[in-house]
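Reading through the structure tokens given below for one structure.
Counting convention: from 1, in listed order, for ligands and their atoms alike. Predicted model only: the values in this text are computed from it and were never measured.
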Amino acid sequence: MLTTRQATLEDLGAITEIYNEAVLKTVATFDTELKTLEEQRIWFANHVPKYPILVAERDGLIVGWASLSMWSDRRAYSDTAKISLYVKEEHQGKGIGRKLLEAIIQEGQKTGLHTVIARIAEGSEASIHLCESVGFEHIGIMKEVGRKFGKLLDVHLMQKIYNNPVASRNTT
Ligand SMILES: CC(C)(COP(=O)(O)OP(=O)(O)OC[C@H]1O[C@@H](n2cnc3c(N)ncnc32)[C@H](O)[C@@H]1OP(=O)(O)O)[C@@H](O)C(=O)NCCC(=O)NCCS
């Protein structure tokens, strides 16, 4: 059975392993060097409580994770998050990404975020499709901003604004 839940520090090893697999094999992240557990502990500490991290667990194994991270440390951006979503390679294509995405979007609404931004490298059609399906809109393309595996890459920017934007626009 597949469940999603809040990540704990005990999950950090599995989260890091899944992320590092993507660092080595994909353009989903523009990191090119593996993350250490020490770096990841700082990343984890920067999340709670407003910026959630969820894991997907199947039969006791962490098979994917999703997070909403601070977009910027400049305080005016504090209700804006960037999304990350990773599923272990051999478990992809089985609905886990969708389940995690839907859960993390709900979680962001609960923690009071106003908007979420996705940065998706060109060619990542499944990610674009998934984001569109939960209400993200295309807001632009950053041209040739990354180079990985010897190729210059565009990045698609997508954004979801939680409901009631007019009322919250006037909130100070
Ligand atoms: C992107 C990723 C998270 C998706 O997770 P997943 O568990 O494989 O995704 P799911 O099986 O839940 O769903 C994939 C969806 O994309 C669709 N899809 C797959 N390939 C597609 C393609 N080439 N074009 C359009 N849609 C595609 C599937 O039909 C499915 O849509 P549906 O739910 O409407 O049927 C996963 O592939 C991954 O970890 N990739 C590497 C890291 C990454 O790219 N992360 C995103 C960075 S923002």
Checklist entry - Which of parallel (below 30°), tilted (30 to 60°) and perpendicular (above 60°) describes Trp65 and Tyr19? => result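 Taking Tyr19 first and then Trp65, their aromatic rings sit tilted (interplane angle of 30° to 60°).
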
Item to check | Over all atoms of both residues, closest heavy-atom pair of Thr80 and Leu113 | outcome: N-CD2, 4.4 Å

Item to check | Minimal non-hydrogen separation, Pro52 against His47, with atom names | outcome: O-CD2, 4.2 Å

Checklist entry - Is atom OH of Tyr77 surrounded by more than 12 heavy atoms (other residues, nucleotides or ligands) closer than 6.0 Å? => result no

Next on the checklist: Are there over 12 heavy-atom neighbours, none belonging to Glu38, within less than 6.0 Å of that residue's CD?
Outcome noted: no

Checklist entry - Taking any residue with a non-hydrogen atom under 4.0 angstrom from an atom of ligand 1, which ones do you get? => result Ala28, Leu85, Tyr86, Val87, Gln92, Gly93, Lys94, Gly95, Ile96, Gly97, Arg98, Glu125, Ala126, Ser127, His129, Leu130

Checklist entry - Do you know which of Leu101, Val87, Thr4 makes side chain to side chain contact (heavy atoms under 4.5 Å, CB included) with Ile96? => result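 Running side chain to side chain contact (heavy atoms under 4.5 Å, CB included) over Leu101, Val87, Thr4 with Ile96 returns exactly one hit, Val87.
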
